[in-house]
Visitor: 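Just passing along the structure, written as structure tokens.
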Amino acid sequence: MAEVVHMIDSEVFLAFSTYATIVVLKMMLMSFMTSYFRMTKKAFSNPEDTNLSAKASEDRKKLVRVDPDVERVRRCHLNDLENIVPFVVIGLLYALTGPDLSTALLHFRVFVGSRFVHTVAYVMAVPQPTRALAFAVGLFTTFSMAYRVLTTSLFL
């Protein structure tokens with residue numbers, strides 16, 4: 001038990017906690033961005049969401065529609081969910097394997113940077129391959145940490 005307490009008290013774990021919190025907060029803020037786009041574009045997914053924007057039933061039906069900008073932000077948020085959750089789980093396990101602080105910081109910073117670049121490229125419709133490269137860098141970083149976890153725990 002003392003070893004677990006020591007690992008949690010390490011600089012690597014504290015660094016992981018910081019960077020994981022940053023990307024989770026960024027992912028949570030995507031919900032507000034989606035709401036902002038829905039309100040400004042007046043494109044809602046459910047009739048009851050239109051109550052503040054329209055009074056008449058026919059006007060409300062027109063507001064339940066798909067808007068390309070709203071869908072772009074939603075897809076970006078979904079991509080965050082698909083990538084940040086694995087980073088948090090694998091990153092936690094990685095931090096508990098006792099990696100070198102500089103190597104761990106490199107992994108954490110590269111992942112966080114890639115997610116911010118990915119979001120900007122996605123929301124602002126930056127031409128490819130910017131978004132794809134940002135995605136690939138983040139994915140590779142998570143796989144690199146997973147490899148360390150597997151080689152440390154299973155002695156592969």
Side-chain angles (χ1 to χ4, degrees), residues 1-46 49 64-156:
M1 187 62 142
E3 290 178 18
V4 172
V5 172
H6 174 69
M7 286 182 194
I8 291 174
D9 198 29
S10 75
E11 288 180 313
V12 172
F13 184 78
L14 293 175
F16 167 72
S17 299
T18 300
Y19 289 104
T21 301
I22 290 168
V23 291
V24 168
L25 286 173
K26 178 227 158 304
M27 180 176 62
M28 292 170 61
L29 289 173
M30 292 302 295
S31 299
F32 292 108
M33 186 180 281
T34 303
S35 296
Y36 171 77
F37 272 75
R38 283 198 183 284
M39 296 299 287
T40 57
K41 298 288 188 167
K42 297 201 182 292
F44 301 97
S45 57
N46 302 301
D49 298 338
V64 178
R65 62 186 180 85
V66 175
D67 181 84
D69 294 331
V70 173
E71 290 305 306
R72 177 174 286 281
V73 174
R74 285 186 65 241
R75 287 190 307 269
C76 183
H77 189 196
L78 180 61
N79 192 279
D80 273 353
L81 287 167
E82 294 168 348
N83 289 277
I84 292 174
V85 172
F87 167 78
V88 169
V89 173
I90 292 171
L92 173 62
L93 297 173
Y94 172 77
L96 295 176
T97 65
D100 182 56
L101 177 62
S102 61
T103 305
L105 283 172
L106 179 66
H107 278 94
F108 303 152
R109 289 173 179 165
V110 166
F111 181 84
V112 171
S114 73
R115 292 315 304 170
F116 276 94
V117 169
H118 182 272
T119 298
V120 169
Y122 214 140
V123 173
M124 298 186 75
V126 175
Q128 287 285 20
T130 305
R131 188 177 82 229
L133 288 174
F135 170 80
V137 166
L139 190 65
F140 176 78
T141 303
T142 303
F143 277 130
S144 175
M145 291 187 300
Y147 178 77
R148 162 70 187 224
V149 170
L150 290 174
T151 56
T152 301
S153 62
L154 297 177
F155 304 104
L156 295 176

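Just so you know, residue 1 is the first one in the sequence shown, and it goes up from there. Treat the numbers as computed from the prediction; the structure is a model and nothing was measured.
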Visitor: Tell me whether Arg148 at atom CZ has more than 12 heavy atoms from other residues, nucleotides or ligands lying less than 6.0 Å away.
Guide: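 Yes, CZ of Arg148 has more than 12 neighbouring heavy atoms, counting only those of other groups under 6.0 Å.
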Visitor: From Phe111 CZ over to Leu139 CG, what is the distance, rounded to the nearest 0.5 angstrom?
Guide: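 Rounded to the nearest 0.5 Å, the CZ-CG separation comes out at 9.0 Å.
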Visitor: Identify the heavy atoms of Val23 and Ile84 that sit nearest to each other, and give their distance.
Guide: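 Nearest pair, atom of Val23 first, then Ile84: O-CD1, 3.4 Å.
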Visitor: Do the rings of Tyr94 and Phe108 sit parallel, tilted or perpendicular, given the 30° and 60° boundaries?
Guide: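 Plane angle over 60°, so perpendicular.
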Visitor: If you compare all heavy atoms of Asp80 against all heavy atoms of Arg115, which two are closest, and at what distance to 0.1 Å?
Guide: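 That would be OD1-NH2, 2.7 Å.
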Visitor: So how far is it from His77 NE2 to Tyr122 OH, rounded to the nearest 0.5 Å?
Guide: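 Here the interatomic distance stands at 13.0 Å.
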Visitor: Working note: Ile90 + Phe143, criterion side-chain contact (heavy atoms from CB on, under 4.5 Å); need CA distance, chi angles, decisive distance, verdict.
Guide: CA-CA 9 Å; Ile90 292 171; Phe143 277 130; over 6 Å; no
Visitor: To the nearest 0.5 Å, how far apart are CE in Met124 and SG in Cys76?
Guide: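 Reported to 0.5 Å precision, the distance equals 12.5 Å.
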Visitor: Considering all heavy atoms of both residues, which atom of Val12 and which atom of Pro99 are nearest to each other, and what is their separation?
Guide: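 That closest heavy-atom pairing would be CG2-O, 3.4 Å.
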Visitor: List the atom of Leu93, the atom of Val149, and the distance in Å for their closest heavy-atom pair.
Guide: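 Answer, listing the atom of Leu93 first, then Val149: C-CG2, 3.7 Å.
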Visitor: With a 4.5 Å limit on heavy-atom distance, are the side chains of Arg131 and Val126 in contact?
Guide: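 They are not in contact (no side-chain heavy atoms under 4.5 Å apart), so the answer is no.
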Visitor: Rounded to the nearest 0.5 Å, what separation is found between the CZ atom of Arg38 and the CZ atom of Arg74?
Guide: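 So the CZ of Arg38 and the CZ of Arg74 are separated by 6.0 Å.
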Visitor: Less than 4.5 Å apart, side chain to side chain, heavy atoms only: is that true for Asn83 and His118?
Guide: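 SC-SC contact between Asn83 and His118 ruled out.
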Visitor: Would you give the length of the straight line joining atom CG of Leu106 to atom CG of Leu101, rounded to the nearest 0.5 angstrom?
Guide: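 So the gap between those two atoms works out to 11.0 Å.
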Visitor: So Phe16 and Phe13, would you call those rings parallel, tilted or perpendicular, with 30° and 60° as cut-offs?
Guide: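 It falls in the tilted class, 30° to 60°.
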Visitor: Just wondering, do Met145 and Phe87 contact through their side chains at under 4.5 Å, heavy atoms?
Guide: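 Yes, side chains in contact.
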Visitor: For Phe37 and Val123, work out which heavy atoms get closest and say how close.
Guide: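 For Phe37 and Val123, the tightest heavy-atom pair comes out as CZ-CG1, 4.5 Å.
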Visitor: Rounded to the nearest 0.5 Å, what separates atom CG in Leu150 from atom OG1 in Thr97?
Guide: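 Rounded to the nearest 0.5 Å, the CG-OG1 separation comes out at 10.5 Å.
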Visitor: Would you name the heavy atoms of Val137 and Thr141 that are closest together and state the gap between them?
Guide: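 Heavy-atom minimum between the residues: O-OG1, 2.7 Å.
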